[in-house]
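Take a look at the structure set out below.
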Amino acid sequence: GPVLVLILGDQLSPAISSLADRTPDDTVVLMAEVADETTYVRHHKAKIALVLSAMRHFATELRQAGWTVDYVRLEDEGNSGSLTGEVARAIARHDARGVQVTEPGEYRLRQAMEQWREDLPVRLRILADTRFVCPLPDFYEWAAGRRELRMEYFYRDMRRKTGLLMEGDKPVGGRWNFDAENRAGPERGASFPAPPRFAPDATTRDVIAMVESRFARHFGTLDEFNWPVTRADAERLLAHFLKRRLPHFGRWQDAMVAGQDFVFHALLSPAINLGLLDPLAVCRAAEAEYHEGRAPIEAVEGFIRQIIGWREYVRGMYWLDMPGMAEANFLDATRPLPDFWWTGETKMRCLSEAVRTTRDNAYAHHIQRLMVLGNFALLAGLKPQEVADWFLTVYADAYEWVELPNVAGMALHADGGRLASKPYAASGAYIDRMSDYCGTCAYKVKVKTGPDACPFNALYWHFLARNESKLARNPRLFQPYATWRRMTDDKRRDYIESAEAFLATLEPAEPGWARG
Ligand code: FAD
Ligand code: SF4
């Protein structure tokens with residue numbers, strides 16, 4: 001019989017390594033929608049719709065290119081509900097002589113595949129995922145023997161390796177990093193480009209109807225569903241980004257504006273993570289905008305750094321530190337996730353906005369994720385595993401290899417500082433500087449303690465105080481700890497009491513939102 005090539009839901013790339021050495025005449029491609037993958041966390045409805053619609057479109061694309069595709073739908077009779085089950089059924093159905101697959105992005109599935117080696121009646125080949133710039137063995141080599149694994153140094157290697165924004169062995173513009181230019185707050189009167197509309201075709205409409213009925217109780221709405229589900233639509237989104245957003249991307253990268261859910265961000269992570277766009281090609285297209293004089297260096301460098309720097313780096317760190325990363329809890333944070341993370345019902349304007357856009361779009365931009373949601377989780381001492389489940393559930397771009405290092409490492413310092421040299425902890429003043437939220441918030445950002453004060457203010461000191469034994473030696477926290485120690489006892493007590501009064505009001509979430 002033929003060789004069975006299993007293509008996973010986030011492997012929707014014609015150049016995927018599992019197909020590279022195959023020819024259509026001797027291959028059956030298996031794609032399977034399985035209940036296990038749609039419900040192991042109860043994903044946002046829009047995330048399920050996106051993945052399933054993109055899979056169905058990709059199957060069509062493969063068939064048009066001459067491949068035989070055996071596509072198992074969620075609602076098909078006999079669907080075993082698991083990938084393991086579907087591979088076994090397909091081997092029998094096609095009398096396959098072997099199975100091959102590109103390595104999955106999740107540790108959980110990688111472990112399951114090791115077991116397949118034992119259990120399947122035929123040989124299994126697992127191939128490296130060549131859609132990343134940095135192969136995992138190269139990352140392990142980079143990490144070996146280094147005391148500190150800082151993204152910035154890794155990023156420079158990726159610049160040298162790809163030649164992106166390089167003049168010989170020197171960075172274009174004379175500096176590797178232009179972040180100092182990228183910290184503008186919101187400006188009055190600015191206007192923002194509307195993303196292109198991707199009207200759902202018949203396939204997407206079918207999937208949306210199925211998700212509405214089958215996953216009715218999952219978080220999120222489908223009313224605003226507007227993600228590209230084909231390569232052609234993803235290219236259209238990229239073209240829009242290059243023209244309308246990239247030139248302003250840098251300056252606005254850290255800004256938050258009420259009611260403006262996308263600011264100048266790319267919105268490309270769902271398409272890139274699914275495989276609809278190639279990350280390196282995206283970077284080369286952005287680089288060309290700089291060379292053509294259509295986008296400034298700080299925007300293009302900042303954007304390219306997010307992709308060949310951060311994105312590649314967190315992936316390497318994930319595989320380096322799993323399975324420990326999923327259990328890590330350096331700060332011993334144990335508070336359950338508050339209910340308002342699902343309902344959005346809080347008087348804190350910054351957080352209600354973040355939850356609202358998440359529910360409407362399965363999206364929030366980076367600073368909302370890091371400095372509003374992540375910062376709150378860090379300061380309030382929310383349990384990292386509950387926070388990680390939430391992030392994995394709610395975002396259209398969330399796959400564990402990229403979500404977990406960002407949550408546990410970058411936002412929550414649960415890894416003790418392997419990813420980030422200091423916790424991203426900030427009081428209300430930071431959010432006020434970077435957003436227009438505070439002016440319309442029920443809390444007062446300039447008030448430090450008491451019931452009207454912005455909760456971030458007292459939580460910030462509560463966080464530092466309760467973690468003093470673990471964090472006070474961090475040189476980057478020397479200044480805040482010195483300030484804390486200089487305060488009068490009364491002032492310190494006010495902060496602690498205010499923070500505790502606020503924390504006592506948090507209602508834990510009902511069970512079952514993330515894991516059913
Ligand atoms: P832009 O801001 O326009 O950035 C451009 C591209 O750079 C993105 O499309 C993405 O591919 C890449 N990128 C930027 N920052 C990162 C980063 N820190 N890590 C990896 N790639 C990055 N990203 C995900 O793809 N999936 C997640 O599940 C995810 N969870 C996150 C959780 C937290 C707590 C934080 C702080 C960040 C998380 N990120 C995640 C990273 C980042 O927030 C998103 O990639 C970004 O918001 C996606 O929107 P965009 O395409 O508009 O990004
Ligand atoms: Fe958020 Fe505090 Fe500003 Fe309200 S005052 S929006 S809680 S930072």
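All of these numbers come straight from a predicted model, not from anything done at the bench. Remember, it's 1-based here, ligands and their atoms both numbered in the order they're listed. Every heavy atom of this structure was used, including side-chain atoms; hydrogens, water molecules and symmetry mates were not. Note that the numbering runs from 1 along the sequence shown for the chain.
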Fill in the blank from the handout: atom 47 (O) of ligand 1 sits nearest the protein heavy atom His366 N, 3.5 Å
Problem - Tyr395, portion touching ligand 1 at heavy-atom distance under 4.0 Å - result: neither
Exercise for the section: Measure from NZ or CZ of Arg369 to the centre of the six-membered ring of Tyr363 and say whether it is under 6.0 Å with the direction within 45° of the ring axis. Expected result: yes
Practice task
Could you establish whether Tyr363 and ligand 1 come within less than 4.0 Å of each other, counting only heavy atoms on the residue side?
Solution key: yes
Exercise for the section: Using a strict cut-off of less than 4.0 Å between a Lys/Arg side-chain nitrogen and an Asp/Glu carboxylate oxygen, indicate whether Lys448 and Asp494 qualify as a salt bridge. Expected result: no
Problem - Phe249 touching ligand 1 at heavy-atom level, < 4.0 angstrom - result: yes
Problem - N or O pair under 3.5 Å between Leu370 and ligand 1 - result: no
Fill in the blank from the handout: The answer for which part of Phe262 has a heavy atom under 4.0 Å from ligand 1 is neither
Exercise for the section: Give the contacting part of Gln253 toward ligand 1: side chain, backbone, both or neither, where contact means a heavy-atom distance below 4.0 Å. Expected result: neither
Handout entry: Within 45° cone of Phe219 ring axis and under 6.0 Å: Lys45 NZ or CZ
Key = no
Practice task
Could you tell me how the ring of Trp310 sits relative to the ring of Tyr313: parallel (under 30°), tilted (30 to 60°) or perpendicular (over 60°)?
Solution key: perpendicular
Completion exercise
Going by the 4.0 angstrom heavy-atom rule, the piece of Asn273 near ligand 1 is side chain
Handout entry: NZ/NE/NH1/NH2 to OD/OE distance under 4.0 Å, Asp223 and Arg359
Key = no
Exercise for the section: State which residue, out of Phe303, Phe178, Phe264, fulfils the ring-ring contact (aromatic ring centres under 6.0 Å, His included) condition with Phe249. Expected result: Phe303
Practice task
Return yes when at least one N/O/S atom of Cys454 is nearer than 2.8 Å to atom 2 (Fe) of ligand 2, and no when none is.
Solution key: yes
